[in-house]
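In each ligand, atom 1 is the first atom listed, and ligand 1 is the first ligand listed. Scope of the values below: all heavy atoms of this structure, side chains included, with no hydrogens, waters or symmetry mates.
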Amino acid sequence: RSRAVPMRGDGQGQPASKTGRLVIVSNRVADLSKGNLAGGLAVAVGEALKSSGGLWFGWSGARSAEAHSKGPNIQTFGNVSTATVDLTEKEFEDYYLGFSNRCLWPLFHYRLDLAELHTTGQATYFEVNKRFAAEVAPLIQTDDTIWVHDYHLIPFAAHLRQKQVTNRIGFFLHIPFPAPELFSALPHHRDFAKTFFAYDLVGFQTVRDRENFARYAEEYLNCRRLNDGRLRGFGRTLRIEAFPIGIDAESFAAEAEKNARAPELRALAREVESERLIVGVDRLDYSKGLPERVRAMGSLLEKWPNYIGKVQLLQIAPPTREGVQAYDEIRSELERITGEVNGRYGDFVWSPVRYVNRPVPRAMLAGLFRRSRVGLVTPLRDGMNLVAKEYVAAQDPADPGVLVLSQFAGAAEQMEEALMVNPHDPAETATAIRRALEMPLGERRARHKALWNQIVSESVGWWRERFLAVLHETNGQPATPGGP
Ligand code: ADQ
């Protein structure tokens, strides 16, 4: 297996606590007053903030007409503060729903057909990044390390550099970076892409994403690739690396064990035996390959009718980004195909696909994963996909379920012992589901053990520490006040 992060230097760097505070910047800020951190990003960076002390800056989640005059709302929880700002209605529409989610999200997920490239949102997107940079700049201390997250905030550092901020600034892209030929379809893509060079380090989920970016920079921006992999361009040297994000496998496993016998799951157990249960858990997003997955269930039942009345796909898919047309469409499409497959194969007491259109508590998901024989994670494109890792973490090592994984999930670069499929081919996915349902215990255990070792060693803590360690190795660079 290829190591995504090459060992360079001592690879350990300085712990963040010895080099000042950590400042996290992300579109949304977790509500730290709630005690328990929920949500992937919050859990992933929450620990780092607590250990070094720090500040978390971003959008409050609220929209208000006075967004520009209020200044950040600062709250302190022990050694961590949050600073949040509102968006105006127009900013929400153009920066968040518009450019971020109608243009960048589909484009970066290889869906040129869905990307609204000519949106007027691009200007507002830059303005919001500029305003956020202006609001956070006075809060930055000289020895702070700044870590910016995700596609909403790509030009953030360029604006911060214009405020004479010379601190180390790292960026992590949670979603794929597309093939250069796709990225270059974005109007003004060069102006957009050069803002990456205001960072000291840009992290990607996979080697493929990193190499897509490097190839784009060389071919379209005339950058030079140095022998050590760094990119030279716009008067700066940019370090780019792959840092596959992970989970806290042990705590998810404990949660799964505790909840596998939860009363809420008992009714389900009466209806379909665990060895015949297939689960899928995704936000209802067109990148997740949900209609293709339901078609694969249809294909399974058509080819192997002995499964009729016996197996069930339980698909949990809560709606997200309502108000973006492509999301309304994927929902209707999924409902139509589910209806079709259920209509064709279901009867009075059984249906092949059960579809739950709302969020389920994490503890319950963990228990559900443990009670199922097959985990179906078949996105058409995904930065990483944490559900794949959670599914493995939740299994009983003595009698584990099998992960069926799309070759287009970032997780496929690490999780080679999953049953890999091309999600565009329902027949291939159906064959993999059958293989998973029939897999002998010995093979299930061996595959699970290898995957478990992988997710434990490349955990979320490993991801965070590696990113910060490499960011701390990038010293000695002029910050180029004025931006690239
Ligand atoms: P997402 O696209 O949201 O994340 P994913 O990595 O699978 O995708 O994370 C989703 C998280 O939400 C998981 O922890 C999952 O358990 C949870 N979840 C999903 N459906 C749920 C439901 N119905 N109820 C409750 N919880 C649910 C983006 C990128 C990914 C990347 C992550 C982290 O798109 O590729 O892995 O960020 O970097």
Return yes or no for this condition: an N or O of G383 is under 3.5 Å from an N or O of ligand 1. yes
Kindly compute the distance separating CZ (F183) from OH (Y216), expressed to the nearest 0.5 Å. 5.0 Å
Nearest-0.5 Å distance that lies between atom CE in M297 and atom CD1 in I337: 14.0 Å
Do you know which of T84, T82, D86 makes side-chain hydrogen bond (donor to acceptor under 3.5 Å, both in side chains) with S60? D86
Short list, please: which atoms of ligand 1 are under 4.0 Å from a heavy atom of [X]?
| X | answer |
| --- | --- |
| V281 | 19 (C), 20 (N), 21 (C) |
| L365 | 16 (O), 24 (N), 25 (C), 26 (N), 27 (C) |
| Q205 | 31 (C), 38 (O) |
| R283 | 1 (P), 2 (O), 3 (O) |
| P318 | 22 (C), 23 (N) |
| I316 | 23 (N) |
| R362 | 14 (O), 16 (O) |
| V387 | 7 (O), 15 (C) |

Tell me the contacting part of I247 for ligand 1: side chain, backbone, both, or neither, using a 4.0 Å heavy-atom threshold, strictly below. neither
Test ring-ring contact (aromatic ring centres under 6.0 Å, His included), reference F108, set F177, Y151, F204, output is F177
Residue among Y95, F132, F92 satisfying ring-ring contact (aromatic ring centres under 6.0 Å, His included) with W59: F92
Looking at R239, R168, R230, which one forms a salt bridge (charged side-chain N to carboxylate O under 4.0 Å, His left out) with E473? R239
Among V360, D285, L386, whose heavy atom sits nearest atom 9 (O) of ligand 1? L386
Going by the closest heavy atom to atom 8 (O) of ligand 1, which one wins out of M384, Q315, K288? K288
Is a donor on one side and an acceptor on the other found under 3.5 Å between the side chain of D94 and the backbone of T124? no
Could a heavy atom of W105 be found less than 4.0 Å from some atom of ligand 1? yes
Does K258 have any salt bridge (Lys or Arg N to Asp or Glu O under 4.0 Å) partners at least two apart in sequence or in another chain, and if so, which? E255
Ignoring hydrogens and angles, write down the donor-acceptor pairs under 3.5 Å from the side chains of residues 281-290, residues two or more places apart or on other chains.
| from | atom 1 | to | atom 2 | distance (Å) |
| --- | --- | --- | --- | --- |
| D282 | OD1 | R293 | NH1 | 2.7 |
| D282 | OD1 | Q315 | NE2 | 2.9 |
| D282 | OD2 | R293 | NH2 | 3.2 |
| R283 | NH1 | D285 | OD2 | 3.4 |
| R283 | NH1 | T320 | OG1 | 3.3 |
| D285 | OD1 | W105 | NE1 | 3.3 |
| D285 | OD1 | S287 | N | 2.9 |
| D285 | OD1 | S287 | OG | 3.0 |
| D285 | OD2 | W105 | NE1 | 3.4 |
| D285 | OD2 | Y327 | OH | 2.7 |
| K288 | NZ | D382 | OD1 | 3.4 |
| K288 | NZ | D382 | OD2 | 2.9 |

